[in-house]
Structures are given as C-alpha cells and as structure tokens.
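Numbers restart at 1 for each chain; the letters A, B, ... are given by sequence-line order, proteins then strands.
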Amino acid sequence: MVGPFAWFKWEALLKDGNVFIEGFGITALVAVLALGVALALGVIFGMLGASHWKFAKRASRCYVEFIQNTPLVIQVFFLYNGLPKIGIVLPVLWVGVIGVGVYHGAYIAEVIRAGIQAIPKGQREAALSQGFNYWEAMRYIILPQAQRIVFPPLTNQAVFLIKNTSVMAMVAGGDLMYRADSWSSGNIYYGPAYVVTGLLYFILCFPLAQLARHLERRAEVSA
Amino acid sequence: MIKLEGVHKHFGHLQVLKEIDLQVATGEKLVVIGPSGSGKSTLIRCINLLEKPSYGRVIVDGVEITAHKAPVHKVRQSIGMVFQQFNLYPHKTVLENLTLAPTLIRKVSREEAESTGMRYLERVGLKEKAGAYPSQLSGGQQQRVAIARALNMHPKIMLFDEPTSALDPEMIKEVLDVMIDLAHEGITMVVVTHEMSFAKEVGDRVIFMDEGVILEDGPPEHFFNNPTQERTKAFLSRILR
C-alpha cells in the first residue's frame, strides 16, 4: 500500500520543480496586474459612490452589486468563453487579470467609499469654505485622512485577490493552481502537489496579512 | 458687501428660511441671534453657498454666487468661515492648516504663507503651537487656530457659525477675545452666536431670527432694550436673567 505522501512522489515533484516555479511566477504576475486593475477601478468607483452626483452614485452601485452578487467563476467563464463569440479573444493571462481585477475592484470600491464616508462632513465643508473645489478637497483633505482607515481592509483585499487568481485553473490559465492540477492529474501524486501549492500561496499571502495587521494596529494608535 | 434677496431654503417639506432679505455693508459687524432651529445657521451657510438656497439670490462683493456657473470657489476664497466644530485638518500641523489653502488655492509662496501664518498665530496667542497637531490642542486653542486659518487667506468677510457653542465655559472667553480684537479692524463680520455680551460689545447690528424669518433688525441697544416682537421678548426673558 502506497501512501499519498510517499517519498518517491516528493522526488518526482522536486524533479519537475520548474512546473511549479513557473506557475508561481504567473500567479504572482497576474496578482500584481490584477491588483493594479482592481485599485484603479476601486478608487474611481469608490469616489463616485461617495460623491453627491446621483448618476455617478448609481453607476458605482450597479458595478458593485452586479459583480459582488455573481460568482467570480462565471465572470471568468464569460471572459473566456463568452467574449470570443463576439469576436474578442483575450489571451488567458488577461482573462485572469481582467476577471480578478474587475471582481476585486468592486470590493475595493466599497472599502474606499466607506473610508471616504467615515471622514466627518465638516472636513469637506472647511475645505470648500476655503475655496477648494470638490476634487481638490478630495485630494488634499479627504483622501489623505481616508487612507489610514482604508489601508488595512485594502491589504486584506490583496490577500483575497492573490488566492482568487486560482480561478484561472478553470480556464487553463497556466497559473500555480493549474500547474498543480495538471501535474498531479497526470501522475496522481496529489498529496505533495497540493501541499507545496498551498505553501507557495501562503508565502505570497502571509506577509501581506501581517502588513494588514500592522497597519490596523497603527491606525488604532493614531485614531 | 453681502446681499440676500428673497432667499428661501427648504429641506424636504421643512421650510428653514422664508423669503429672507438682508444686506450687510462693508465693515459691518452683524450678529445673528435666535433659538435653535430658527434657521440662523442655514442663513450664514447660504452666504458662502455651503447651503444652496432653494430660490432667491445671494450676492457677495458684487458677484451673484447663486447664478448658474458663478465662480463660487473664487468668491469663497475671500470669505473666511469658522465652524462650531472647528474642523481643523487633523492630518496637518497647526502651521500647515494655515498654509494649505493659501499655497494651493491662492498660489502664495510657501515662505510668505508661513510668515503671515506665524503672524496670525501670534495674534491668536498660539505661536508656540505651530508644529503641534490639532488633536494636541484644547477646544479653545483649536478654535483660535481655525480663526487664524481663515485669516491667513486674507478674507474680506468672516463668517462665524456658533464659534463658542462647542467649548467648555472657561475657553469661551479666549475665543471671544480674539473675535473682539478682530472686530476692531475693517473686516466685515457675520456672527451667529448665543453670546449676548459679544453682541452688545461689538455688534453694529443685531438680527433676531425665529422660524425662518428675521423678526428684529437694528442696533444692539434697540434689540436688547426695546424689542418690538412678543417672541423676541420671550426669547430674551429666557436667556437674560
């Protein structure tokens, strides 16, 4: 009887280590690019959501509700299988970047909106009374204060985002999760494959989670 | 200097200001008195358009700021405002609070904004607090910084919206003293307050508001000694003992 973690299976994994390292690289790359997309969307829609223009608020609401209330997997399937039907074929890397980026952009928009709305309205009034316009008041008075509130939950979002890039495994994305799946389905050495994969995700996420805790403590001290 | 013509303001069904006509001359010190909910804060906030009148016109220094596409931000630069809750920028030091708007909005050089800022801080007695953060100051000190911050924009008009209402009694005087000192200059002042001594001492004119209308309008002696309206008498009998 051969156990799931038999030594020769680890040896096989070490021999094919490159497969996992490449996957790790793609996961890291997709995470960084998706985080860029998510932050850009999150800041824009978060500010629109906190603004006083009805249309902007509604647009932000639609985006957030639509994305938050449908599964990421379906959104990624749409990008991968749906868009080619209307002639848009995205490289699979970009399916991951856009899918995960748009998904987390909605969550980040909510984090940013809440952060802006947590700043007392007297701050905006003081800025306006001095002659700042809306955007200047945002830039110099509101956002620097909201930043402190927003950073810890934002860092948590980055952790979720990294883990959610594993959705790419479902569309042959070449990422870490996909490599682990395909490598181990070939030789059925699932045990070592998933343990190592889990550890590699942990290496990416743990420092960020620590950073979130640190930022949270600092925000509490200065509040 | 300031002119309100037929200004109405309602929030939903609630009529807060009803057909207000008011003129404030250059250099005049106008004190606005009234019970809470009388519309006096809304009135003063209409002068710099923090509150947009439902209808009616507001003209400041010859510019109709209620007009479509009026240069509101420009006009606000010459109207300083002091709030009940101070509203200092907590992420900036005291001196930065004073220099932020002048350097960014008025495009004054940093050196100049800092040197005039220090002069105003000295005037309100807080020069040594220039490097402190607002949270390190008492309420009275914060409000004096807020006055200095407004002054560092070199405004033609100063609006005070209940500047001493959030202060502990022992701190009220230090803020009033700064305001009295300021009143001896030519600056136009509109002050919403419950401080009757201030109204008597520095007011050129007192208006009394109740339920969104101006009931009395005249020099302080008239207001305190010969009020015409029953509601004014009732109000005065409640607050003056």
Side-chain angles (χ1 to χ4, degrees), chain A residues 43 46-48 50-58 111-155 211-212 214-223, chain B residues 41 44-52 65 71-92 96-108 113 133-136 142-143 145-147 149-155 157-162 166:
Chain A
V43 169
M47 282 175 68
L48 293 179
S51 75
H52 292 266
W53 300 304
K54 265 204 190 99
F55 177 77
K57 276 171 98 156
R58 211 161 290 167
V111 167
I112 300 229
R113 181 185 60 76
I116 292 172
Q117 288 176 342
I119 305 303
K121 81 175 201 306
Q123 289 293 311
R124 197 174 63 92
E125 291 184 346
L128 292 182
S129 81
Q130 289 205 286
F132 287 94
N133 65 32
Y134 176 82
W135 296 108
E136 290 164 338
M138 271 289 162
R139 178 166 166 208
Y140 296 109
I141 311 297
I142 309 296
L143 290 180
Q145 294 183 59
Q147 193 177 301
R148 272 206 332 235
I149 304 173
V150 156
F151 262 157
L154 214 54
T155 315
L211 177 67
H214 169 74
L215 290 172
E216 201 161 336
R217 271 197 303 269
R218 214 181 55 182
E220 268 165 31
V221 170
S222 60
Chain B
S41 271
I44 198 173
R45 288 160 60 87
C46 278
I47 296 174
N48 65 354
L49 231 60
L50 280 187
E51 220 66 78
K52 206 172 161 20
I65 54 173
V72 179
H73 301 296
K74 186 103 190 107
V75 174
R76 279 177 181 154
Q77 293 172 27
S78 59
I79 310 176
M81 188 164 203
V82 175
F83 299 86
Q84 187 176 344
Q85 298 297 340
F86 331 133
N87 297 345
L88 292 179
Y89 307 134
H91 58 306
K92 299 280 178 192
E96 286 166 350
N97 263 274
L98 267 69
T99 57
L100 196 66
T103 51
L104 292 172
I105 307 295
R106 272 215 195 277
K107 310 289 181 203
V108 171
Y133 281 89
S135 59
Q136 298 168 310
Q142 289 192 48
Q143 194 62 299
V145 171
I147 295 171
R149 174 177 73 176
L151 291 174
N152 207 27
M153 287 290 277
H154 312 302
I157 300 168
M158 282 288 282
L159 307 177
F160 292 85
D161 187 6
E162 302 205 30

Peer 1: Which atoms of B/R106 come close to chain A, meaning under 4.5 Å heavy atom to heavy atom: side chain ones, backbone ones, both, or neither?
Peer 2: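 Nothing of B/R106, per the 4.5 Å heavy-atom cut-off to chain A.
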Peer 1: Measure B/L50 against the heavy atoms of chain A and call it side chain, backbone, both or neither at under 4.5 Å.
Peer 2: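 Only the side chain of B/L50 comes within 4.5 Å of chain A.
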Peer 1: I need the B/H91 NE2 to A/Q123 CD distance, nearest 0.5 Å.
Peer 2: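 So the gap between those two atoms works out to 7.5 Å.
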Peer 1: B/L104 versus chain A, heavy atoms under 4.5 Å apart: side chain, backbone, both or neither?
Peer 2: side chain
Peer 1: If I take atom CZ from residue B/R76 and atom CD from residue A/Q130, how far apart are they, to the nearest 0.5 angstrom?
Peer 2: 11.5 Å
Peer 1: Any chance you could measure A/Y140, atom OH, to B/K92, atom NZ, to the nearest 0.5 Å?
Peer 2: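 Going from the OH atom of A/Y140 to the NZ atom of B/K92 covers 9.5 Å.
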Peer 1: Does some side-chain heavy atom of A/I141 sit less than 4.5 Å from a side-chain heavy atom of B/L100?
Peer 2: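 Yes, their side chains come closer than 4.5 Å.
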Peer 1: Would you give the length of the straight line joining atom NZ of A/K121 to atom CG of B/N87, rounded to the nearest 0.5 angstrom?
Peer 2: 9.0 Å
Peer 1: Side chain, backbone, both or neither: which part of B/F83 has a non-hydrogen atom closer than 4.5 Å to chain A?
Peer 2: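 Side chain only.
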Peer 1: How many angstroms lie between NZ in B/K74 and CG in A/N133, if you round to the nearest 0.5 Å?
Peer 2: 13.0 Å
Peer 1: I want to check something: taking the side chain as every heavy atom from C-beta on, are B/I105 and A/E136 in contact at a cut-off of under 4.5 Å?
Peer 2: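 In contact.
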Peer 1: To the nearest 0.5 Å, what is the distance between CE (B/M153) and OG (A/S129)?
Peer 2: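 Interatomic distance, B/M153 CE to A/S129 OG, rounded to 0.5 Å: 9.0 Å.
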